[in-house]
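The block underneath contains the structure these notes are about, expressed in structure tokens.
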2 protein chains.
Amino acid sequence: MAITIEERIGQHYGGLSDKLRVAADYVAANPVEVATRSLRAVATTSGVSPATFSRLARALGYDDYEAMRDDGRAAVGRRMVPFSQRAHDLRTSGAGQSGREVLARHAAAALHNVSFLERDIAPGKLEAAVDVLHKARRVLLVGSLGSSGLVDYLGYQMHWFAADWIVAGRNGTALAAALSRLGPEDAVLALSKTPHAKRSVSALEAAQKRGIPTVFITDTYSSPALPLASHAFVVPTEGPQFFSSYAATVVLLETIVSLLLARAGEDAEDRIRAAEDQLHSLGETWAP
Amino acid sequence: MAITIEERIGQHYGGLSDKLRVAADYVAANPVEVATRSLRAVATTSGVSPATFSRLARALGYDDYEAMRDDGRAAVGRRMVPFSQRAHDLRTSGAGQSGREVLARHAAAALHNVSFLERDIAPGKLEAAVDVLHKARRVLLVGSLGSSGLVDYLGYQMHWFAADWIVAGRNGTALAAALSRLGPEDAVLALSKTPHAKRSVSALEAAQKRGIPTVFITDTYSSPALPLASHAFVVPTEGPQFFSSYAATVVLLETIVSLLLARAGEDAEDRIRAAEDQLHSLGETWAP
DNA sequence: TTCCTTATGAAACATCTGTTTCAACGGTTG
DNA sequence: CAACCGTTGAAACAGATGTTTCATAAGGAA
């Protein structure tokens, strides 16, 4: 089974010395350079001594620097066939079942979906939705079934700099209670994909009745909740998979987080860093 | 104005001598060879003398053989990163803050990451990891902090056709207990991104000690847990956002689900449909 | 035929490449 | 404090690289 240089670097990164890491980082970032240029040329442009690169190859388990370069060559050769062509071949030539083929199909579908997402969202639409979320006193996140995990992810991202984002996860009992505590100065963000959980639909219904602004993200124009939402986004999710793909949805969610972060003010990022340091000092995370 | 080697060959082909044509044909057919290997190596494998290749470069209007190789390098580099240019432009061309601009940047970054993911996974690597997961009696899913939601999502997808996938979510106490119940016939799938939760790292450590096969997905080569895992994937996550992007990770996870679904047998999809019907008949979902 | 031109590879050449040695440095341990 | 260890780059080294020279061969013209 073939192993790429990047993987070798990953396997050995922990045991590398300072300079070897610098060299390894350069190799990981510039694989084509390594495959095509000479050791000394790479050494010069990266600012590390030639000897270090020679040592790096051995530290990564290669016999030689040349052996490492051979791996790079193989990767470059694989890359030479343009990705889009392979994706096209795979889509038209039927179903290869090797891991790389399936991966290529998924990747192609994701690229397709993300491109469409980017193209099909009208100007100003995102701002309007983000405005609602930004001004809201509290934001309730609703997602069931497959959407539950993503809503959780969104809630995690937001909790770093916005205190009042509440995740109403898969567990349904809390939802009604949480909704009853919200008013027009709050907001609801719901995520629902096929198959649509009734719970999410009724949450939107309830929100509308109580005058709570809603942002709704779904995958079909025929979703029953679409007319109920104040701000609705339809994200393409078609894919080769049996289930629908969430990649484009993640992009949209992360974009929303980005926009909210920008509105949160200049020092929001500082506050996040502080919170991260706090997390680290509690021994929860591992520092590189 | 760049001219490729192929074009130069076309322009000069008529004026070339016999051997020079043989050499030119070889160069046109194997541009990667020329870009990556030495003149003498190319000469040997093509059966033409080294001197001829040196002369060919000049006959095509290059100063040098090295100048010709530089053109080859440029071509390889260009083809290698189809999306990255656009992504790079968007990322570096300064910070438009309108919703569409931010979305475009995120989309570009996601496209970039997905392309790299597709490219940098070695053949056979996915299969090996999926094999482990498929054969496992039980699979424990580990993810903390930002990865918790995605792990949850994966667990949800899998529960439709694989009974024994257990999610060890953000809550840490259950993790140790769950791990202690696993053995070499089981598997652990862990997801960890910067900042890396210590809990995930130690889960992998524990799994390794107990001989449990592990699949590990992370975002940095420097992750401390990388050497501990039996099957490790490094997914690119760079993005315009303060936080790292999970879009490419979602693609990888969905691909894994796809491959597992394929191995689950032909009737797995039928069983899922039946389960969905069941869910619907319980009044949980809304049918379009 | 002889003379001249062109094409070609072997070999010689200076240069460059990757490796290894070695001395210097910084940190740790006794 | 000294002794020791791992890390690092400069320099030395053998071998490889790209170019050029040169001898040979093949053809064309006189």
Side-chain angles (χ1 to χ4, degrees), chain A residues 5 8-9 11-28 30-76 287-288, chain B residues 5 8-9 12-28 30-74 76 221-222 224 227:
Chain A
I5 302 180
R8 295 234 191 185
I9 292 178
Q11 285 171 4
H12 294 88
Y13 201 85
L16 297 180
S17 66
D18 282 3
K19 292 286 167 174
L20 286 182
R21 279 191 201 183
V22 175
D25 288 341
Y26 188 86
V27 171
N30 307 68
V32 181
E33 290 287 294
V34 175
T36 58
R37 304 201 112 92
S38 74
L39 178 148
R40 286 181 119 97
V42 173
T44 307
T45 58
S46 69
V48 184
S49 85
T52 304
F53 276 93
S54 204
R55 289 171 186 139
L56 175 66
R58 237 169 293 262
L60 296 181
Y62 292 104
D63 286 349
D64 242 2
Y65 183 84
E66 184 61 22
M68 179 165 101
R69 188 148 55 184
D70 254 334
D71 265 15
R73 273 195 261 269
V76 169
Chain B
I5 303 181
R8 295 231 190 187
I9 292 178
H12 294 86
Y13 200 83
L16 298 180
S17 68
D18 282 3
K19 292 284 169 177
L20 285 183
R21 281 191 200 183
V22 175
D25 288 341
Y26 187 86
V27 171
N30 307 69
V32 181
E33 289 288 294
V34 175
T36 57
R37 305 202 112 89
S38 75
L39 178 149
R40 286 180 120 97
V42 173
T44 307
T45 57
S46 68
V48 184
S49 85
T52 305
F53 276 95
S54 204
R55 289 172 185 137
L56 175 67
R58 238 169 294 260
L60 296 180
Y62 292 105
D63 285 351
D64 243 359
Y65 183 83
E66 184 62 22
M68 180 166 99
R69 187 150 53 183
D70 254 335
D71 265 15
R73 273 195 261 268
V76 169
Y221 292 104
S222 50

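In the text below, chain A, chain B and the rest are named by the order of the sequence lines, each starting its count at 1.
- If you check D:dG18, C:dG18, D:dT8 against the side chain of A:L20, the one that comes closest is D:dT8.
- C:dT6 atom C1' lies 15 Å from atom CG of B:L16, rounded to whole Å.
- Within the 3.5 Å criterion, the main-chain N or O of B:D63 finds a donor-acceptor partner in the side chain of B:R58.
- Here the side chains of B:V48 and B:Y26 are not in contact, with every heavy-atom distance at 4.5 Å or above.
- The CG atom of B:L16 sits 13.5 Å away from the CZ atom of B:R55 when rounded to the nearest 0.5 Å.
- Here the CG-NE2 distance, from B:L20 to B:H12, works out to 11.5 Å after rounding to the nearest 0.5 Å.
- When the local axes at the two ends of the helix from C:dT1-D:dA30 to C:dG30-D:dC1 are compared, using 5 base pairs at each end, they differ in direction by 10° after rounding to 10°.
- Residue-level contact check: B:R37 touches neither bases nor backbone, having no heavy atom under 4.0 Å from any strand.
- Computed from coordinates, the A:L39 CG to D:dG9 P distance equals 13 Å when rounded to whole Å.
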Between A:R37 and B:D70, is the side-chain contact (heavy atoms from CB on, under 4.5 Å) condition met? List the steps. CA-CA 9 Å; A:R37 304 201 112 92; B:D70 254 335; 3.2 Å; yes
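- Separating the CG atom of A:D18 from the C1' atom of C:dG26 is a distance of 12 Å, rounded to the nearest angstrom.
- Rounded to whole Å, atom P of C:dG18 lies 16 Å from atom CG of A:D63.
- Per the geometry, CG belonging to B:L56 stands 14 Å off C1' belonging to D:dT19, to the nearest Å.
- Considering OG1 of A:T36 and CZ of B:R69, their distance stands at 9.0 Å, rounded to 0.5 Å.
- Taking atom CD of A:E66 as the reference point, atom C1' of C:dT17 lies 10 Å away to the nearest angstrom.
- Between A:Y65 atom OH and C:dT20 atom C1' the separation is 17 Å, expressed in whole Å.
- For A:R55 against C:dT21, a side-chain-to-base donor-acceptor contact under 3.5 Å is present.
- You'll find the side chain of B:R73 stays beyond 4.5 Å of the side chain of A:V32, heavy atoms only.
- Between C:dT8 and B:S17, a contact under 4.0 Å exists linking OP1 or OP2 to a side-chain N or O.
- OP1 and OP2 of D:dT7 both lie 4.0 Å or more from every side-chain N or O belonging to A:T52.
- Taking only side-chain nitrogens and oxygens, A:S38 comes nearer than 4.0 Å to OP1 or OP2 of C:dT17.
- A:R40 places its CZ atom 15 Å from the P atom of C:dT15, with the value rounded to the nearest Å.
- If you find the closest nucleotide of DNA chain C to A:A41 and to A:R58, the one lying nearer the 5' end belongs to A:A41.
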